[in-house]
There are 2 protein chains.
Amino acid sequence: MVTKQFKGSPADADLRRADSLAREIFSDVANKWALLIIEALGERTLRFSELRDEVEGVSHKMLTQNLRMLERNGLVERKVHPTVPPRVEYTLTEPGRALRETVDTMCDWTHRYLGHIEASRRRFGA
Amino acid sequence: MVTKQFKGSPADADLRRADSLAREIFSDVANKWALLIIEALGERTLRFSELRDEVEGVSHKMLTQNLRMLERNGLVERKVHPTVPPRVEYTLTEPGRALRETVDTMCDWTHRYLGHIEASRRRFGA
DNA sequence: CAGGATCCTTGAGGATACTG
DNA sequence: CAGTATCCTCAAGGATCCTG
């Protein structure tokens with residue numbers, strides 16, 4: 001297995017690295033909560049508590065966790081107002097907004113095919 | 001809580017039902033493996049074993065499980081050839097292909113912002 | 001070959017309490 | 001209010017074995 005690293009050109013290695021990174025990012029982002037958070041943010045700026053109310057069913061922990069992940073990947077910007085009590089606001093960055101558009105499309109898809117899917121489920125139910 | 005069902009018109013109830021269904025479908029579909037399977041299928045027809053090779057890292061169990069789910073929702077068609085050994089082929093249906101387009105967009109997004117994200121991660125690393 | 005069934009482990013994720 | 005830390009539970013998911 002170790003010998004594998006000697007196969008292929010350096011360019012190949014770069015491609016593999018980019019691929020594995022892309023894969024990692026995809027895995028980060030392709031999850032229910034992350035996508036729902038992005039969708040909820042939209043063009044708005046929301047506080048932590050507003051976001052928790054907006055994203056129905058999300059737990060305190062999941063919200064924090066996903067927000068950190070999204071921040072780390074540069075999809076949301078986190079702005080802390082040093083007041084008391086603290087006020088923390090989240091906004092989509094440009095990459096975040098770009099991703100949001102594809103999420104929108106996915107939501108549209110869901111609604112467009114609601115009927116198909118419901119019917120299919122009934123058929124399958126047998 | 002039970003009294004809740006008396007509030008709102010029947011039309012409201014329909015909307016809520018559709019929403020919860022949409023939400024459920026979204027949760028089904030917005031997961032790593034489902035999206036990777038859809039992406040792997042693309043325009044092709046693949047056998048179970050081909051799919052397992054194609055979707056890197058997926059386990060036997062996850063593959064079966066997600067394929068069943070996708071079939072149930074009518075996103076993939078499952079065709080069994082009654083030969084021995086059996087031959088089972090999976091193909092995206094029309095709704096499946098429609099969803100695939102948004103997945104494609106998501107993949108494009110991933111690659112377009114690879115740099116941004118990598119940079120953001122380094123910054124965040126602190 | 002496709003895929004169900006079973007067992008087993010790990011970690012996702014909830015609830016709660018505590019801090020700045 | 002926002003966030004971290006801790007504990008605890010249950011289910012996601014892997015490995016393995018078995019069948020048509």
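Quick note: numbers below take in every heavy atom, side chains included, and nothing from hydrogens, waters or symmetry partners.
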Query - Start and end of chain B contact along DNA chain C [non-hydrogen atoms, under 4.0 Å] - result: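 So the outermost contacting nucleotides come out as dC1(C) to dG4(C).
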
Query raised in the report: Ring centroid separation for Phe26(B) and His111(A), is it under 6.0 angstrom?
Result: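 No, ring centres 6.0 Å or more apart.
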
**Report entry** Positions of residues 71-93 of chain A (non-hydrogen atom under 4.0 Å from DNA chain C), listed by number
**Finding:**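 DNA chain C contact set from residues 71-93 of chain A: Pro86(A).
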
Report task. Output the residues of residues 28-62 of chain B in contact with DNA chain C, where contact means a heavy atom of the residue under 4.0 Å from an atom of the strand; sort by number or write none. Result ->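 Within residues 28-62 of chain B, the residues near DNA chain C are Arg47(B), Phe48(B), Ser49(B), His60(B).
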
Query raised in the report: Hey, what's the ring geometry for Phe48(B) with Tyr90(B), parallel, tilted or perpendicular (30° and 60° as the breaks)?
Result: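 Phe48(B) and Tyr90(B): tilted rings.
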
Query raised in the report: When the ring planes of Tyr113(A) and Trp109(A) are compared, do they come out parallel, tilted or perpendicular, using 30° and 60° as the limits?
Result: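 Because their plane-to-plane angle lies in the 30° to 60° range, the rings of Tyr113(A) and Trp109(A) count as tilted.
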
Query raised in the report: Going through the distances and angles, do Thr102(A) and Thr105(B) end up as a side chain to side chain donor-acceptor pair (under 3.5 Å)?
Result: CA-CA 6 Å; Thr102(A) 90; Thr105(B) 316; over 6 Å; no

Report task. Nearest 0.5 Å please: distance from the CG atom of Leu75(B) over to the OG1 atom of Thr91(B). Result ->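 Between atom CG of Leu75(B) and atom OG1 of Thr91(B) there are 13.0 Å.
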
Query raised in the report: Rounded to the nearest 0.5 Å, what separation is found between the CD atom of Glu39(A) and the CG atom of Leu35(A)?
Result: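 Spacing of CD (Glu39(A)) from CG (Leu35(A)) equals 9.0 Å.
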
Query raised in the report: Checking Arg23(B) side chain against Glu56(A) main chain: does a donor-acceptor pair fall under 3.5 Å?
Result: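 Checking the backbone N and O of Glu56(A) against the side chain of Arg23(B), a donor-acceptor pair under 3.5 Å is found.
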
Requested in this report: Would you check if the side chain of Glu50(A) reaches a backbone N or O of Arg47(A) as a donor-acceptor pair within less than 3.5 Å?
Outcome: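 Answer holds: yes.
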
Query - Minimum-distance pair of heavy atoms, taken over all atoms of Arg97(A) and Leu92(A) - result: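 Between these two residues, the closest heavy atoms are NH1-O, 3.2 Å.
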
**Report entry** Residues, nucleotides or ligands: over 12 heavy atoms within 6.0 Å of Glu94(B) CD
**Finding:**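 Yes, because the 6.0 Å sphere around CD of Glu94(B) holds more than 12 heavy atoms from other groups.
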
